[in-house]
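So the structure is just underneath, and the comments pick up after that.
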Amino acid sequence: MPRKPKKPCKYPGCPELTEGNYCKMHQKEINREYNCSNRPYKKLYNSSRWQDLRRYVLNKQPLCVECLKNNRITPATVVDHIKPHKGNEDLFYDINNIQSLCKSCHDRKTAKEDGRWKRKVYTY
């Protein structure tokens, strides 16, 4: 089966031809940037303290808080920080700053906060 012709690397100014989006050299760089910036608080979420707190909150509050406000009964699968912690460990582990949500409500809330829907909405 014939292969597609190679195309230029998408990295600005790179003349290399590649079968993917980036040449091998720039693919490593893009992956490194993604891994560093994607989840800067990964160590907090991987801690046993967070896992215990998450389990506690889901057992204490097994239904999605947002769905309950809309008279729907949906099991909670995600523990969400009401106010974004941005690496602040005191805020990260604060039980009063945590709520149980279903995945769809959590994704919607996070998208609004991150501005993924072209608007920034902060609820502090």
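Evaluated for a salt bridge (charged side-chain N to carboxylate O under 4.0 Å, His left out) with Asp80, the options Lys103, Arg108, Lys109 yield exactly one hit, Lys109. No option in Gln61, Lys60, Arg54 other than Gln61 meets the side chain to side chain donor-acceptor pair (under 3.5 Å) test with Ser100.
Note that the SG atom of Cys23 and the NZ atom of Lys10 stand 13.5 Å from one another [nearest 0.5 Å]. Taking SG from Cys9 and CD from Gln27, the interatomic distance works out to 8.5 Å, rounded to the nearest 0.5 Å. Atoms SG and NE2, from Cys64 and His106 in turn, are 10.5 Å apart once rounded to the nearest 0.5 Å.
When hydrophobic clusters are built by joining Ile, Leu, Val, Met, Phe, Trp and Tyr residues whose side-chain heavy atoms come closer than 4.5 Å, directly or via intermediates, Tyr56 is grouped together with Tyr93. No continuous path of ILVMFWY side-chain contacts below 4.5 Å connects Val65 to Val78, so the two sit in separate hydrophobic clusters. Leu101 and Ile98 fall into different hydrophobic clusters, where Ile, Leu, Val, Met, Phe, Trp and Tyr side chains are chained together by heavy-atom contacts under 4.5 Å. Hydrophobic clustering of Ile, Leu, Val, Met, Phe, Trp and Tyr side chains at less than 4.5 Å, counting indirect connections, unites Leu53 with Leu58.
Within the 4.5 Å cutoff, side-chain heavy atoms of Lys83 are placed close to those of Leu91. The side-chain heavy atoms of Pro8 and Cys14, taken from C-beta on, include no pair separated by under 4.5 Å. A 4.5 Å side-chain heavy-atom check between Leu63 and Thr74 finds every atom pair outside the cut-off.
Under the 3.5 Å distance criterion, the side-chain polar atoms of Asp94 are left unmatched by any main-chain donor or acceptor of Asp90. Remark: side-chain polar atoms of Ser47 are paired, donor with acceptor, to backbone N or O of Leu44 under 3.5 angstrom. Gln51 places a side-chain N or O within donor-acceptor distance of the main-chain N or O of Tyr45, the cut-off being under 3.5 Å.
Counted by atom type alone, Tyr11 and Thr18 present zero donor-acceptor pairs between their side chains at under 3.5 Å.
Ring-plane geometry between His81 and Trp50 is classed as parallel, the angle between the planes falling under 30 degrees on a 0 to 90 degree scale with a further cut at 60.
Residues Gln99 and Val57 approach most closely at C-CG1, 4.5 Å, considering heavy atoms. What you find for Glu19 and Lys7 is that their closest heavy atoms are O-CE, 4.2 Å.
Under a cut-off of 6.0 angstrom, the local environment of CD1 in Ile95 is crowded, with over 12 non-hydrogen atoms contributed by other residues, nucleotides or ligands.
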